[in-house]
Amino acid sequence: MKLPLDFYIKNNVVKIAKDLLGKVLYTNLDGVITGGLIVETEAYSWKEKGCHAYNNRKTNRNAIMFERGGYSYVYLCYGMHYLFNVVTNVEGVADAVLVRALEPLSGEQEMLLRRGKISNKLHLTSGPGKLSKALGIDRTLNGKSLLDNEIWIEDIGRKIAPKNVVIGPRIGIDYAGEDALLPWRFSIRGNPWVSK
DNA sequence: GCAATGATTTACT
DNA sequence: GTAAATCATTGCC
């Protein structure tokens, strides 16, 4: 039930971001499998200032975004947090979806171990930096294919009704000016794991 | 070569 | 509510 390449190479990154809600992100590191339901995403495109590849600016860091869809883009933010993105669209077009929050499904014990002692279980994966740590995602996973067996996304047949999808502006990109207001953030209504 | 800074989290006041 | 932690990447010198 792994998502096929077709899913990633579509040219509508906003639609893909919405479709990723209810899918499941897995990692398999050193034989340990952890995974969680995607409950919050954001779309990024080279056409707007919030994106690292704005105006087709290609650097060593974001080069993977210019590849065909279906790759992971992992990078370090604020010196201490890894953020996980899904590269979409065809080669040469830099679009990506940031996964902002998960609901833990499998390997919960391992996630707790990686995150250390935390006050509230709800803080386990309710944010982009947190979910990366819980799943063991770091820069060594940058550029991995999501069709491979280290990190991938599955469709477990869960459908999210349109009325249960919350749409709003993206978070933490005030510097992007008017583009920060684009309604490109999607989350599952009422899910306690969605970041605040 | 070097200084500025961010798609965040956490712990304080 | 505000601020500190912390470093790879970036863009300019």
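Letters A, B, ... mirror the listed sequences (proteins, then strands); counts begin at 1.
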Can you tell me if CG on Asn120(A) sees more than 12 non-hydrogen neighbours from other groups inside 6.0 Å? yes
Hey, is CD on Gln109(A) packed in by over 12 heavy atoms from elsewhere, all under 6.0 Å? no
Figure out the [atom1]/[atom2] separation between [X] and [N], and round it to whole Å.
| X | N | atom1 | atom2 | answer |
| --- | --- | --- | --- | --- |
| Asn55(A) | dT10(C) | CG | P | 15 Å |
| Lys58(A) | dT9(C) | NZ | C1' | 17 Å |
| Lys130(A) | dT10(B) | NZ | C1' | 9 Å |
| Tyr54(A) | dG11(C) | OH | P | 13 Å |
| Leu131(A) | dT9(B) | CG | P | 8 Å |
| His52(A) | dA8(C) | NE2 | C1' | 11 Å |
| Asn142(A) | dC7(C) | CG | P | 19 Å |
| Asn60(A) | dT10(C) | CG | P | 7 Å |

Sugar-phosphate, base or nothing in reach of [X], heavy atoms under 4.0 Å:
| X | result |
| --- | --- |
| Arg115(A) | sugar-phosphate |
| His123(A) | nothing |
| Gly50(A) | base |

Treating [X] as the side-chain partner and [Y] as the backbone partner, does any N or O pair qualify as donor plus acceptor under 3.5 Å?
| X | Y | result |
| --- | --- | --- |
| Thr41(A) | Ala17(A) | yes |
| Asn191(A) | Trp193(A) | yes |
| Glu48(A) | Gly50(A) | yes |
| Arg189(A) | Val166(A) | no |

Quick one: which protein N/O atoms are closer than 3.5 Å to N/O atoms of nucleotides 11-13 of chain B? Pair and distance per line, please.
none

Counting heavy atoms from C-beta on, name the nucleotide in dA7(B), dA8(C), dG11(C) closest to the side chain of Met65(A).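 The listed nucleotide nearest to Met65(A)'s side chain is dA7(B).
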Check the phosphate of [N] against [X], side-chain N and O only, distance under 4.0 Å to OP1 or OP2. Yes or no?
| X | N | value |
| --- | --- | --- |
| Arg170(A) | dT8(B) | no |
| Arg61(A) | dC7(C) | no |
| Arg100(A) | dT8(B) | yes |

Expected list for residues 70-84 of chain A near DNA chain C, using heavy atoms below 4.0 Å, is Leu76(A), Tyr78(A), Gly79(A), Met80(A)
Would you mind pulling out the nucleotide paired to dT6(C), Watson-Crick or G-U wobble, both distances under 3.5 Å?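 No nucleotide pairs with dT6(C).
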Can you tell me the pairing partner of dA7(B) across any strand shown, Watson-Crick or G-U wobble, with both distances under 3.5 angstrom?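 Partner of dA7(B): none found under 3.5 Å.
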Roughly how far, to the nearest 0.5 Å, is the CG atom of Asp138(A) from the NE2 atom of His81(A)?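 One finds 14.5 Å between NE2 of His81(A) and CG of Asp138(A).
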Quick one: does Ile167(A)'s side chain get under 4.5 Å of Phe186(A)'s, heavy atoms only?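 Yes. Closest side-chain heavy atoms under 4.5 Å.
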Quick check: do Glu40(A) and Leu131(A) have side-chain heavy atoms less than 4.5 Å from each other?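 SC-SC contact between Glu40(A) and Leu131(A) ruled out.
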Can Tyr44(A) be said to stack with the base of dA7(B), given centres closer than 5.5 angstrom and planes under 30 degrees apart? yes
Indicate the ring-plane relationship of Tyr73(A) and His52(A), choosing parallel, tilted or perpendicular according to the 30° and 60° boundaries. perpendicular
